[in-house]
*Asks:* 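After the structure tokens below, expect a handful of questions from me.
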Amino acid sequence: MKLLKTLQKQITIFDIIKSSDFHVHLKKKSPLFACSISSSSKMSKKKIYVTRADVPSPGLELLQERCDVTIWKETYPVPRSELLTQIQGVDALFCLLTDKIDKEVLDKAGDRLKVIGTMSVGYDHIDVNAVKSRGIRLGYTPEVLTDAVSELTIALLLATSRRLFEAHQQILELWSAWSPVWMCGAGLNHSTVGVVGFGRIGQEVAKRLKSFNVAKIIYTGRSDKPEAKSLGAIRVSLDDLLSQSDFVIVTCALTPETKEMFNDATFAKMKPNAIFVNTSRGGESAALQRALENGTIQAAGLDVMTPEPLPPDHPLLKLKNCVILPHIGSATMWARTEMAVMTARNILAALNNEVMPAEVK
Ligand code: DGY
């Protein structure tokens, strides 16, 4: 506890959150705060391991008030060996998308582990079958980050199509005068935008895109989405989406079905002027690099990539037509705080044999 308090003192942003109107606002706005949870006496003996020190404090405090919480002391991912040691004998694990939770971790945990709460909407870092086959419950954090990720998707789309980073570099290096076609990019107006995966985030992106006067929004996914109608979005096959879209936006979850969906063959089906934006999970970097270098497509904007983190000397980082951000889609303090709180509530609910705010079924 003492160590944790010291750590949190050092992370000033969380002190700000604790004491500012922001947290009050969060408390008022979040539907999660309406959930009931057990009294501390019931939960006092439960042991929880948290894999990162800088989890927003409202989430940590919920757990600390009720349970025996151990927290990895650093703001970088817990080493595998430490995770394998700390997981032993805990009732719950609070993890992040940087922690690989596989059979080895679950075997080390033993029978006591009842719940895993990941502070993420994606759970491709977790072996869900292995978790479920052991009767362990799994919580995740949908919805609370939808606005943040949609906003970032639009920001990345504009940064890529209007060449913002390249233009900034030019101003530092060789801007001589305003010039008619210098630094021209593609506009969204009159364009066809294809959204791959039309879930919560895809729909919110489409909603925001409408204000840019795009000509057509098309999407592809496993099923028709009723929400598409009011957004004027039309479901098409993946091939049609690739061949028609000026902008291809990937917002789908990473599953065996979508893994490496963007490869040499799919990039080859896209228009040469196409701009590819991915804010969901990393795809095949080598194929994307080839597509950008050979002019198969015009440009790409990535918030996610393989591997993460991308080494600073990676060839994708040298391409002018590739804008890369370090997986910051959900990085607003509001979203990250809500994610932490929701993860804590998922864990507490499962430990109490209650309905979790968001459980992977
Ligand atoms: C998630 O939660 O899965 C996002 O990729 C990061 O917030």
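Atoms within a ligand are numbered from 1 in the order they appear, just like the ligands themselves. This chain uses plain numbering: 1 for the first residue, then up along the sequence.
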*Asks:* When you compare ligand 1 with Ser120, is there at least one nitrogen or oxygen pair between them that comes in under 3.5 angstrom?
*Replies:* no

*Asks:* Could you tell me, atom by atom, which parts of ligand 1 come under 4.0 Å of a heavy atom of His327?
*Replies:* 4 (C), 5 (O), 6 (C)

*Asks:* Can you see whether Ser280 engages Asn278 through a side-chain donor-acceptor pair at a distance of less than 3.5 angstrom?
*Replies:* yes

*Asks:* Give the residue and atom name of whichever protein heavy atom lies nearest to atom 2 (O) of ligand 1, and the separation in Å to one decimal.
*Replies:* Val121 N, 2.8 Å

*Asks:* Mind checking whether Thr141 contacts ligand 1 via backbone (N, CA, C, O), side chain (CB onward), both or neither, at a 4.0 Å heavy-atom cut-off?
*Replies:* neither

*Asks:* Strictly distance-based, threshold 3.5 Å: is any side-chain N or O of Asn321 a donor or acceptor partner for the main-chain N or O of Leu292?
*Replies:* yes

*Asks:* How far is atom 3 (O) of ligand 1 from its nearest protein heavy atom, and which residue and atom name does that atom have?
*Replies:* Arg281 NH2, 2.7 Å

*Asks:* Run the numbers for me: atoms of ligand 1, each under 4.0 Å from some heavy atom of Leu145, listed by number.
*Replies:* 2 (O), 7 (O)

*Asks:* How about Ser150 and Asp147: does a side-chain donor come under 3.5 Å of a side-chain acceptor?
*Replies:* no

*Asks:* Tell me yes or no: between the side chains of Arg208 and Thr153, is some donor less than 3.5 Å from an acceptor?
*Replies:* no

*Asks:* Can you tell me how the ring of Phe198 sits relative to the ring of Tyr219, calling it parallel under 30°, perpendicular over 60° and tilted otherwise?
*Replies:* parallel

*Asks:* Check each atom of ligand 1 against the heavy atoms of Ser330 and keep those under 4.0 Å away; list them by number with element.
*Replies:* 6 (C), 7 (O)

*Asks:* For ligand 1, which part of Leu97 has a heavy atom less than 4.0 Å away: the side chain, the backbone, both, or neither?
*Replies:* side chain

*Asks:* Regarding His125 and Thr118, do their side chains bring together a donor and an acceptor under 3.5 Å, going by distance alone?
*Replies:* yes

*Asks:* Report yes or no: does Met339 have a heavy atom closer than 4.0 Å to ligand 1?
*Replies:* yes

*Asks:* With a 4.0 Å cut-off, would you call Arg112 and Asp91 a salt bridge?
*Replies:* yes

